[in-house]
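For clarity, every value in this text was computed on a predicted model and none was experimentally measured. When reading the values below, keep in mind they use all heavy atoms of this one structure, side chains included, and skip hydrogens, waters and symmetry mates.
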Amino acid sequence: MTEERFASDPFGTVHWPLEIRLKKEEKRLEVDFDDGRSFSYPAEFLRVVSPSAEVQGHNASQKQTVAGRRHVGIVGVEAVGNYAVRILFDDLHDSGIFSWKYLHEIGEGQDRLWDEYLAELAAKGLSREPKRR
């Protein structure tokens, strides 16, 4: 890695992606990082942990629990500079910018984060299933 690559990265990336694969039919995104780690993220997981202000709020007290996204898919992935991707979900959510650092962190903590999400849903009486119309 060159020094200028790090200098232009506002997110403090440590691990860079080598390959990104969108598996639309499987509703998942796969990322291989330069440290040898590979993560497979279900679309639902990425949607509910989106780094967007809509989900995370502007501080911890504003964080939202996103329910009803069991069947969400990914329609596209767009590069954002050399430090992130914007994931376009089929529920029209597209405001989350997933930095390489954030993707690596949620990949490492995926099991814990998923368990915390399921606990939040249960505590709030919410469901992964979409609301019926």
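The shortest heavy-atom contact between S99 and A84 is CA-CB, 3.6 Å. For the residue pair R86 and I97, the shortest heavy atom distance occurs at NH1-CG1, 4.0 Å. Between V48 and W114, the closest heavy-atom pair is CG2-CZ3, 4.3 Å.
Salt-bridge formation is not detected for the pair R28/E30: no Lys NZ or Arg NE/NH1/NH2 atom is positioned less than 4.0 Å from an Asp or Glu carboxylate oxygen.
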- Query: Should K27 and F89 be marked as a side chain to side chain contact (heavy atoms under 4.5 Å, CB included) after you check the CA-CA gap, both sets of side-chain angles, and the distance that decides it?
  - Reply: CA-CA 10 Å; K27 297 184 177 187; F89 296 92; over 6 Å; no

- Does the side chain to side chain contact (heavy atoms under 4.5 Å, CB included) test come out yes or no for H104 and V14, once each step is laid out? CA-CA 9 Å; H104 197 278; V14 175; over 6 Å; no

- Item | Criterion side chain to side chain contact (heavy atoms under 4.5 Å, CB included) on H15 and L103, from CA distance to verdict | CA-CA 10 Å; H15 304 293; L103 280 169; over 6 Å; no

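For R69 (side chain) and A67 (main-chain N/O), a donor-acceptor pair under 3.5 Å exists by modelled atom type.
Hydrophobic clustering, with ILVMFWY side chains joined whenever heavy atoms are under 4.5 angstrom apart, keeps Y102 apart from L18. Hydrophobic cluster membership is shared by W16 and V31, with clusters built from Ile, Leu, Val, Met, Phe, Trp and Tyr side chains linked at under 4.5 angstrom. Using a 4.5 Å cut-off between side-chain heavy atoms of Ile, Leu, Val, Met, Phe, Trp and Tyr, with links allowed through other members, L88 and V66 fall into different hydrophobic clusters. L46 is connected to L118 through a chain of hydrophobic side-chain contacts under 4.5 Å among Ile, Leu, Val, Met, Phe, Trp and Tyr, so both are in one cluster.
Other residues, nucleotides and ligands contribute only 12 or fewer heavy atoms inside 6.0 Å of the NZ atom of K131. Around CD of E19, the count of heavy atoms belonging to other residues, nucleotides or ligands within 6.0 Å exceeds 12.
Interatomic distance, OH of Y117 versus CD of Q110, reported as 13.5 Å (0.5 Å rounding). In this structure, the separation between OG on S40 and CG on D32 is 10.0 Å, given to the nearest 0.5 Å. Distance CD1/I20 to CH2/W100: 3.5 Å, rounded to 0.5 Å. Annotation: the span from E116 atom CD to R112 atom CZ amounts to 5.0 Å, rounded to 0.5 Å.
The aromatic rings of F39 and Y41 lie tilted to each other, with the angle between the two planes from 30° to 60°.
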Tabulate below the donor-acceptor pairs under 3.5 Å that side-chain atoms of residues 70-78 make, not counting sequence neighbours, or state none.
unit_1	atom_1	unit_2	atom_2	d
R70	NE	E129	OE2	2.3
H71	NE2	E129	OE1	3.2

